[in-house]
Amino acid sequence: MPRKSMTTLTESMFYVLMALCIQPMCGTDIADYIDRKTDGRLRIGPATLYTVLAKFESEKYIRETEIEGRKRTYTITSKGIDAYFSELERLKLCVRDAQGGINHE
């Protein structure tokens, strides 16, 4: 059965929404935030970042709030906040499930 679009977020998508929960940001600020937040573990390239931003904008998770030359600033919407916290809860459940450990025989 095919997965419904946007029912779960990729790691990159999750961190983009996390960044925008802090404050409105442009793409460069989002990428820098993700790099700092993950201590360089996750680096999001421009192609991935702008694909995610376009998808989020079309899904109404974010909206463009300012355009200054080529620099575009985005803010998260209430729908985006809901998606972020829904994914956060899903991830918490995954961690809870994993905390039972692995049974080695």
Side-chain angles (χ1 to χ4, degrees):
M1 171 183 278
R3 197 172 77 163
K4 280 182 13 184
S5 176
M6 306 296 283
T7 56
T8 59
L9 302 176
T10 66
E11 186 176 22
S12 295
M13 290 172 150
F14 180 72
Y15 277 97
V16 168
L17 290 181
M18 182 188 298
L20 292 172
C21 281
I22 304 298
Q23 66 185 34
M25 294 184 194
C26 69
T28 302
D29 292 339
I30 293 168
D32 290 345
Y33 171 86
I34 293 170
D35 186 47
R36 283 191 318 274
K37 185 71 173 176
T38 66
D39 291 325
R41 180 185 53 79
L42 177 63
R43 293 181 188 253
I44 187 167
T48 300
L49 177 60
Y50 289 102
T51 298
V52 168
L53 291 173
K55 177 73 172 172
F56 281 169
E57 202 168 12
S58 73
E59 294 288 333
K60 308 285 192 243
Y61 285 7
I62 64 172
R63 64 183 168 80
E64 202 173 71
T65 56
E66 188 178 334
I67 301 172
E68 193 178 308
R70 292 180 61 196
K71 179 180 175 182
R72 298 175 183 279
T73 301
Y74 301 91
T75 191
I76 194 166
T77 64
S78 59
K79 186 175 179 181
I81 291 169
D82 289 345
Y84 172 76
F85 281 106
S86 176
E87 182 65 7
L88 181 60
E89 192 58 35
R90 188 189 73 79
L91 292 170
K92 286 178 183 178
L93 291 173
C94 289
V95 170
R96 187 200 68 197
D97 292 344
Q99 287 176 333
I102 298 172
N103 185 7
H104 295 285
E105 293 187 26

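These figures come from a predicted structure and were not determined experimentally. Side chains included, hydrogens not; waters and symmetry mates left out as well; all remaining heavy atoms used.
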Nearest-0.5 Å distance, [atom1] of residue [X] to [atom2] of residue [Y]:
X     : Y     : atom1 : atom2 : value
Leu49 : Cys26 : CG    : SG    : 9.5 Å
Ile44 : Tyr15 : CD1   : OH    : 11.5 Å
Arg72 : Glu66 : CZ    : CD    : 11.5 Å
Met18 : Ile22 : CE    : CD1   : 8.0 Å
Cys21 : Phe85 : SG    : CZ    : 5.5 Å
Leu91 : Ser86 : CG    : OG    : 9.5 Å

Which of these, [options], sits in a side-chain contact (heavy atoms from CB on, under 4.5 Å) with [X]?
X     : options                   : result
Pro24 : Thr75, Ile62, Asp29       : Thr75
Met13 : Thr51, Thr8, Val52, Thr48 : Val52
Met25 : Leu20, Asp32, Ile76       : Leu20

Quiz item: Counting distance only, does the side-chain N/O of Thr77 pair as donor-acceptor with the main-chain N or O of Lys60 below 3.5 Å?
Solution: yes
Quiz item: So, Thr65 side chain and Thr73 main chain: donor-acceptor pair closer than 3.5 Å or not?
Solution: yes
Quiz item: What do you reckon, is NZ of Lys79 surrounded by more than 12 foreign heavy atoms closer than 6.0 Å?
Solution: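 Yes - once you tally the heavy atoms of other residues, nucleotides and ligands closer than 6.0 Å, there are more than 12.
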Quiz item: What do you reckon, is CZ of Arg43 surrounded by more than 12 foreign heavy atoms closer than 6.0 Å?
Solution: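 For Arg43, atom CZ is not crowded (no more than 12 foreign heavy atoms under 6.0 Å).
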Quiz prompt | Nearest atoms (heavy-atom pairs only) where Ala83 meets Leu9 | solution = O-CD1, 4.1 Å
Exercise. Taking all heavy atoms of Leu53 and all of Gly27, pick out the closest pair and write down the distance.
Key: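 The pair with the smallest heavy-atom distance is CD1-CA, 4.5 Å.
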Quiz item: Taking NZ, NE, NH1 and NH2 as the nitrogens, is one of them in Glu11 or Arg41 under 4.0 Å from a carboxylate oxygen of the other?
Solution: yes
Quiz prompt | With Tyr84, the ring-ring contact (aromatic ring centres under 6.0 Å, His included) member among Tyr61, Phe14, Phe56 | solution =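 Among Tyr61, Phe14, Phe56, the one that satisfies the ring-ring contact (aromatic ring centres under 6.0 Å, His included) with Tyr84 is Phe14.
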